[in-house]
Amino acid sequence: MPEISNRALILIIQAVDREINRLTDVPDEVITSVEELLLVDYKALAAELEALYAEACKTDAHLPDYSSLVTDRRQASD
């Protein structure tokens, strides 16, 4: 697997989170099937990135908490 810097990983995590938020905010009556599939793909990617970030935190104790990089979606479902 190609190596990327921790800073790049943080920026990718944040970009994926913004795209998930954008797609989640599209009203049900307007969202396309392509966008729905993209949302599923982005959520799967977010899970992969979270695992990669956990590994990066093992070697760099100065990284911020993952939760500070992403939206807490549990609040949105209340």
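Residue numbers count from 1 along this sequence. Scope of the values below: all heavy atoms of this structure, side chains included, with no hydrogens, waters or symmetry mates.
- A 6.0 Å sphere centred on OH of Tyr42 holds no more than 12 heavy atoms belonging to other residues, nucleotides or ligands.
- Here the rule is side-chain contact (heavy atoms from CB on, under 4.5 Å) with Leu45, and of Val16, Ile12, Ile20 only Val16 fits it.
- The two residues Leu39 and Thr24 come nearest to each other via the heavy atoms CD1-OG1, 3.8 Å.
- Between the CG atom of Leu49 and the CG atom of Leu9 there is a distance of 6.0 Å, given to the nearest 0.5 Å.
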In sequence, state the C-alpha distance, the side-chain angles, and the governing distance for Ile10 and Leu63, and then conclude on side-chain contact (heavy atoms from CB on, under 4.5 Å).
CA-CA 9 Å; Ile10 288 171; Leu63 290 173; 4.0 Å; yes
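- No chain of hydrophobic side-chain contacts below 4.5 Å, direct or via other Ile, Leu, Val, Met, Phe, Trp or Tyr residues, connects Ile13 to Leu11.
- One finds the CG atom of Asp41 at 13.0 Å from the CD atom of Glu35 (value rounded to the nearest 0.5 Å).
- Between the CD atom in Glu55 and the CG atom in Asp60 there is a gap of 13.0 Å [rounded to 0.5 Å].
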Notebook entry, point to check: Given Glu36 and Val40, is the side-chain contact (heavy atoms from CB on, under 4.5 Å) satisfied, shown in steps?
Noted result: CA-CA 6 Å; Glu36 289 175 339; Val40 170; 6.0 Å; no
